[in-house]
Amino acid sequence: MKTKAAVLTALNTPFEIMELDLDGPREGEVLIRYEASGMCHSDLHLTDGTIGTRFPIVPGHEGAGVVEGIGPGVTRVRPGDHVVCSFTPSCGRCRYCATGHQNLCDSGARATEGCMPDGTFRLHRSGTDVGAMCALGTFAEYGVVRENSVVKIDEYLPLDSAVLVSCGVPTGWGAAVYAGNVRPGDTVVVYGAGGIGINAVQGAALTGAKNIVVVDPVSFKRNTALKLGATHVFEAADQAHAAVIDMTWGQGADQALVAVGVVDEDTVAHAFDAIGKGGTVVLVGLSGREDLNVKIPGAMMVVLEKTIKGTMFGSANPQYDIPRLLGLYQSGDLKLDELITTRYTLEQINQGYHDLLEGKNIRGIVLPHGS
């Protein structure tokens with residue numbers, strides 16, 4: 001079949017809207033009609049080289065839609081099911097899935113190449129294979145993905161809100177709840193209040209943190225953070241640091257969650273200084289694979305027992321936590337609708353990412369079939 005998609009053809013180029021050929025689903029695969037796709041900063045990392053990939057490729061890894069068809073052997077879903085995609089697949093059999101770490105599943109090893117685990121592609125144009133980011137490629141009308149990459153959800157949930165639990169919400173929420181182990185009464189600093197950091201705020205608030213301090217240079221994001229659980233907001237890290245020392249009587253924060261678009265050395269250093277004895281820094285955002293951006297005095301890690309750790313998908317388990325988060329949305333404990341700033345058509349995707357870089361969006365949503 002044919003599908004319209006937003007395609008990146010090289011580094012530092014805009015998205016191009018193209019018609020592509022899409023193969024049907026093979027063994028263990030699912031055909032999805034994408035109804036909504038979240039606009040994450042990670043997709044831009046394909047354009048600037050932060051995430052190495054092959055071109056051409058259809059970005060988009062935060063998607064939701066309806067199952068249109070299934071290949072042989074599919075058991076998790078059937079045609080007509082509403083699903084949310086997970087950019088981290090979960091086979092359920094590898095060492096990591098078997099030990100409760102679905103976010104590290106071995107079947108996601110080739111995600112940045114844009115191919116299926118066996119190295120083949122489902123999208124093509126004029127005889128050229130076209131990749132799909134995280135084997136999803138959600139900036140398209142239709143896609144063929146592994147059943148390991150979808151999670152069935154209740155049909156009455158709005159897909160343009162549910163799509164946010166595909167990536168940004170669990171990554172941020174889990175960074176606080178799971179990776180950061182935020183507990184009642186803790187003091188937490190969140191660096192960056194975009195589509196991921198704002199959900200770290202929500203996660204910290206839901207666990208009962210006493211002080212949730214947000215650092216972001218954009219006033220719109222700071223104001224949004226205050227509406228979703230932040231107790232204090234600051235434009236700069238040094239301002240936040242002074243306030244944290246004051247509000248904790250010199251003890252420092254319990255956790256510092258780094259959710260900026262590109263993690264740099266200065267932000268990591270600020271986060272390390274902000275936490276007190278036994279505190280934890282959680283790196284959520286990305287940087288280039290060769291960037292040496294964690295430079296801290298090792299002696300201080302030892303004598304103060306500080307920890308720096310990374311988290312993938314917020315250390316959450318897609319098959320369990322995506323429905324769990326949607327349950328919190330239904331109960332009103334987790335805000336999703338309020339995170340959506342603007343909805344765009346597929347043809348407006350370049351404008352959407354311009355708005356993201358300008359700090360105008362918490363989360364932009366692409367509707368591949370139009371509004």
Side-chain angles (χ1 to χ4, degrees), residues 38-42 62 161 164-165 167-180 182-248 252-263 267 270-271 274-275 280-285 311 314 325 328-329 332-342 355-365:
M39 303 180 72
C40 182
H41 201 131
S42 296
E62 186 176 86
S161 293
L164 300 181
V165 301
C167 170
V169 172
T171 298
W173 189 88
V177 176
Y178 292 143
V182 177
R183 293 157 296 182
D186 279 356
T187 293
V188 186
V189 185
V190 179
Y191 297 86
I196 291 176
I198 198 69
N199 293 299
V201 170
Q202 291 208 79
L206 197 56
T207 63
K210 177 182 179 182
N211 300 305
I212 303 172
V213 181
V214 168
V215 182
D216 198 293
V218 180
S219 60
F220 161 63
K221 294 182 179 180
R222 296 196 300 272
N223 291 334
T224 303
L226 286 171
K227 296 176 183 177
L228 294 178
T231 58
H232 306 76
V233 295
F234 297 94
E235 182 177 1
D238 54 352
Q239 299 170 340
H241 188 186
V244 166
I245 295 300
D246 183 62
M247 70 181 66
T248 61
D254 299 288
Q255 300 87 10
L257 314 176
V258 182
V260 296
V262 178
V263 177
T267 306
H270 281 301
I275 60 173
T280 301
V281 173
V282 180
L283 303 183
V284 191
T311 184
L325 290 168
L328 291 172
Y329 165 62
D333 295 298
L334 180 72
K335 306 301 183 184
L336 296 182
D337 302 333
E338 292 83 352
L339 303 179
I340 302 172
T341 312
T342 311
D355 292 345
L356 182 152
L357 291 174
E358 291 291 310
K360 296 180 179 179
N361 286 343
I362 296 297
R363 208 50 152 191
I365 297 294

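From a predicted model like this one, the values you see are computed outputs, not experimental measurements.
Nearest approach of L336 to S161, heavy atoms of both residues: CD1-O, 3.7 Å. When every heavy atom of V215 is checked against every heavy atom of E235, the shortest pair comes out as CG1-O, 4.2 Å. Across L228 and K335, no two heavy atoms sit closer than the pair CD2-CG, 3.6 Å. Nearest heavy-atom pair, G229 versus A205, reported as atom, atom and distance to 0.1 Å: CA-CB, 4.1 Å. In plain terms, the two heavy atoms of A271 and V258 that are nearest each other are CB-CG2, 3.8 Å. Contact record, L226 with H232: CD2-N, 4.4 Å, taken as the closest heavy-atom pair.
In this structure, the side chain of D246 does not engage the main chain of A242 through any donor-acceptor pair within 3.5 Å. The backbone N or O of V282 lies less than 3.5 Å from no partner atom in the side chain of Q255, so there is not a single donor-acceptor pair. A donor-acceptor pair under 3.5 Å is formed between the side chain of N199 and the backbone N or O of G195. Between the T267 side chain and the V263 main chain, no donor and acceptor come within less than 3.5 Å of each other. A donor-acceptor pair under 3.5 Å is formed between the side chain of D186 and the backbone N or O of R183.
Annotation: side chain of L206 is in contact with side chain of W173 (closest heavy-atom distance under 4.5 Å). Inter-residue side-chain proximity for E62 and L164 is flagged as met; some heavy-atom pair is nearer than 4.5 Å. Two residues are said to be in side-chain contact when any heavy atoms from C-beta on lie closer than 4.5 Å; I275 and V281 meet this criterion. Between V189 and L257, the closest side-chain pair of non-hydrogen atoms is not below 4.5 Å. Considering only heavy atoms from C-beta on, L334 comes within 4.5 Å of L325 through its side chain. Between L339 and V169, the closest side-chain pair of non-hydrogen atoms falls below 4.5 Å.
In this structure, N361 CG and T342 OG1 are separated by 4.5 Å, a value rounded to the nearest 0.5 Å. For the atom pair OH (Y191) and NE2 (H270), the distance works out to 7.5 Å, reported to the nearest 0.5 Å. Note: C40 SG to I196 CD1 = 4.5 Å, rounded to the nearest 0.5 Å. A distance of 11.5 Å separates CD1 of I198 from CZ of R363, quoted to the nearest 0.5 Å.
Applying the side chain to side chain contact (heavy atoms under 4.5 Å, CB included) test to A236 and every residue at least two apart in sequence or in another chain returns D238, Q239. Applying the side chain to side chain contact (heavy atoms under 4.5 Å, CB included) rule to K221 yields the partners A193, D216, V218, I362; only residues at least two apart in sequence or on another chain are considered.
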For this session: Evaluate side chain to side chain contact (heavy atoms under 4.5 Å, CB included) for V165 paired with Y329, printing each intermediate quantity in order.
Result: CA-CA 10 Å; V165 301; Y329 165 62; over 6 Å; no
Exercise. How far apart are the C-alpha atoms of D355 and M39, what are their side-chain angles, what is the distance that settles it, and do they pass the side chain to side chain contact (heavy atoms under 4.5 Å, CB included) test?
Worked result: CA-CA 11 Å; D355 292 345; M39 303 180 72; over 6 Å; no
For this session: Start with the C-alpha gap between T171 and V284, add the side-chain angles, then the distance that decides, and say whether side chain to side chain contact (heavy atoms under 4.5 Å, CB included) holds.
Result: CA-CA 8 Å; T171 298; V284 191; 3.6 Å; yes
Cut-off 3.5 Å, no hydrogens considered: what does the side-chain donor-acceptor table look like for residues 207-214, sequence neighbours left out?
| unit_1 | atom_1 | unit_2 | atom_2 | d |
| --- | --- | --- | --- | --- |
| T207 | OG1 | A204 | O | 2.8 |
| N211 | ND2 | T187 | OG1 | 3.0 |

